[in-house]
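Okay, so here's the structure we're looking at.
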Amino acid sequence: MTVKYTEDHEWVKAEGDAYVIGVSKHAAEQLGDVVFVELPEVGKTFAKGDEMAVVESVKAASDVYAPISGDIVEVNSAIVDEPAKVNEDPQGAAWFVKIKPSNPSELDALMDEGAYKDFAGNS
Amino acid sequence: MTMNNQGRPTKASDAMETNVNTFTGNKALMIEEALSFEVGDLSGSGVDLPEAKNKTNRLGGLERNTDIGLPGLSEPEAMRHFVRLSQKNYAIDMGPFPLGSCTMKHNPRLNEKVARLPGFADLHPLAPESAAQGALELIDTLAFWLKELTGMPAVAMSPKAGAHGELCGMMAIKAALEARGEADKRVRVLAPESAHGTNPATAVQCGFKVEAIPGDKTGRVDLEALKAKLGDDVAGIMVTNPNTCGLFERDIRAIADAVHEAGGYFYCDGANFNAIAGKVKPGDLGVDAMHINLHKTFSTPHGGGGPGAGPTVLSDALAPFAPLPYVFLEDGKYRLVETLHHAEAEDSGETLGRLTAFHGQMGMFVRALSYMMSHGRDGLKQASEDAVLNANYVLARLKTEMTPSFDGPCMHEALFDDRFLKDTGVETIDFAKAMIDEGYHPMTMYFPLVVHGAMLIEPTESESKRELDLFCDALLSLAKRAKAGDDVAAFKAAPVYAPRRRLDETAAARHPVLRWTPPQQAEAAE
């Protein structure tokens with residue numbers, strides 16, 4: 001599967017039977033220098049749209065929403081120790097969490113790369 | 001004739017333009033001031049006190065056995081330290097303070113004179129009622145006029161700032177919902193996207209869940225979108241009027257009616273009351289609770305210049321829950337209701353209790369009443385009108401080079417966005433920093449969040465036309481320079497003439513140094 005995006009600027013990508021989630025490059029640019037990241041605990045369950053993590057930049061604090069429902073199976077503590085990574089590689093090394101989805105069909109409602117680019121360009 | 005031929009040159013030197021790196025780092029009157037810890041001797045003391053007689057240690061072995069490490073400054077050292085720091089500060093007594101939504105108006109000297117009368121200034125907060133009749137009468141008189149100006153039946157005087165007033169109002173709403181037995185059901189609070197950050201923060205603090213109300217394309221609350229969000233789980237709404245885009249919410253009555261119909265309460269953020277005081281009574285708009293920033297609308301000092309004060313007016317529905325203490329008149333004597341027991345006896349037993357230790361910001365009450373009394377009803381109305389006129393003058397002059405975010409006239413503040421800087425390489429922050437070099441405090445920037453690169457300018461009624469023209473000329477010149485495009489580096493380098501240049505906000509947030517450590521300790525730690 002390719003990368004999919006939400007209107008709240010999160011990205012989702014399949015990896016095994018879980019999905020990796022992070023914030024988009026566009027979002028990382030708009031946030032400015034990230035100075036703090038708070039991630040959920042492994043094992044926590046979220047419904048689609050729930051506040052799942054927090055990113056704080058010099059400008060503002062923002063919630064990161066769960067793009068799909070499911071359980072957290074892994075979190076990327078490297079970005080908690082070094083929040084600057086979110087600016088450096090938001091769609092790679094600076095992923096946020098991995099979720100095991102409870103309803104994979106929720107993915108169908110998300111945008112593909114092209115649709116997201118149009119969306120982000122207009123937002 | 002006699003001649004002074006001792007050789008003192010009286011003509012300017014040819015080398016005047018040369019920059020000099022001074023040994024001290026000072027630049028004439030611009031002193032590089034060290035921290036108080038570095039000025040004073042940590043092992044010393046600025047005062048000589050005699051050794052205490054009959055020293056008996058009653059601390060039972062719990063006494064400190066290391067130095068406390070406070071700077072030991074003498075009186076002249078302490079005086080110079082703080083005066084030097086104060087001279088680096090910008091103040092409303094130095095020039096215009098165009099911070100939007102902050103209402104930095106002039107603090108009249110008369111207010112200060114009255115607040116310093118010994119009967120007010122020296123009164124102890126625990127003085128008995130019989131010795132504080134004048135102060136209690138002042139609180140009662142100010143409360144009367146606040147109720148009169150807002151058209152509301154009750155006011156809580158004790159909140160100590162705008163956000164504290166919000167807390168008071170939202171706690172009253174919570175208490176009213178509890179009394180109705182609906183506190184568990186009504187958990188949502190709605191606030192516009194343009195709201196002050198304190199609105200959602202207050203609602204969350206009171207245990208509510210906040211939802212944003214979208215704005216329409218005129219910069220106001222989208223009434224239909226609001227109605228769609230209302231339901232029997234809504235506790236209330238928090239709306240600022242005029243809003244943070246400097247616009248009057250024209251649908252305010254319809255908004256209030258819709259919320260009341262849905263069983264919720266209307267909290268009005270009164271931060272911008274200075275635009276409508278004497279013109280509109282919030283009570284007529286369907287407001288249930290609203291704080292009044294005495295330090296904005298009623299000209300008492302703020303922003304480092306003194307404490308805020310946020311008396312909060314309440315509707316009939318919320319009045320029974322007003323906090324303690326409050327003043328009332330009985331047989332020609334002013335009395336204070338300070339305890340729940342007393343409140344029950346006075347038949348106001350539903351009070352939410354105390355918000356602060358004493359009665360509120362007494363010094364600010366004196367200043368605010370002085371401002372009200374010296375202006376009178378007509379004067380307050382004119383102050384509101386002049387504030388709106390000044391903002392519209394700024395809007396009209398600046399829109400030739402800058403981009404107003406919304407069409408039409410504004411209320412007390414003018415909102416611009418960064419469209420006029422598009423493709424110039426200059427951003428809102430660069431523009432604001434360049435204003436510092438021009439001798440101005442920047443306007444509010446990047447707020448409200450509903451427009452990109454916001455610049456929110458509130459001149460207040462304090463500024464003369466001459467002052468407004470100078471300010472507009474400076475901003476127009478900066479806008480032209482930015483658009484000309486040959487000067488981007490200068491904008492990025494600004495401020496050049498400030499005691500400190502641009503600070504590294506990212507490093508400060510990532511690695512904050514919150515405590516001074518003695519040099520030898522800092523070295524040891526490395």
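Side-chain contact between B/Leu478 and B/Phe431: present, with at least one pair of heavy atoms (C-beta onward) separated by less than 4.5 Å. Between A/Asp71 and A/Ile99, every side-chain heavy-atom pair lies at or beyond the 4.5 Å cut-off. Annotation: side chain of B/Leu177 is in contact with side chain of B/Phe208 (closest heavy-atom distance under 4.5 Å).
Residue with the most contacts toward chain B among A/Gly32, A/Ala84, A/Pro83: A/Ala84 (heavy-atom pairs, distance under 4.5 Å).
Of the possible polar contacts, one joining the A/Ser69 side chain to the A/Lys48 backbone as a donor-acceptor pair under 3.5 Å is found. Side-chain N or O atoms of A/Trp11 include one that pairs as donor or acceptor with a backbone N or O of A/Val23 at under 3.5 Å.
Checked by atom type, the side-chain pair A/Tyr116/A/Ser24 shows a donor-acceptor distance below 3.5 Å.
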Tabulate, with distances rounded to 0.1 Å, every donor-acceptor pair spanning chain B and chain A at under 3.5 Å.
{"unit_1": "A/Asp33", "atom_1": "OD2", "unit_2": "B/Thr506", "atom_2": "OG1", "d": "2.5"}
{"unit_1": "A/Val34", "atom_1": "O", "unit_2": "B/Arg510", "atom_2": "NE", "d": "3.0"}
{"unit_1": "A/Val34", "atom_1": "O", "unit_2": "B/Arg510", "atom_2": "NH2", "d": "2.6"}

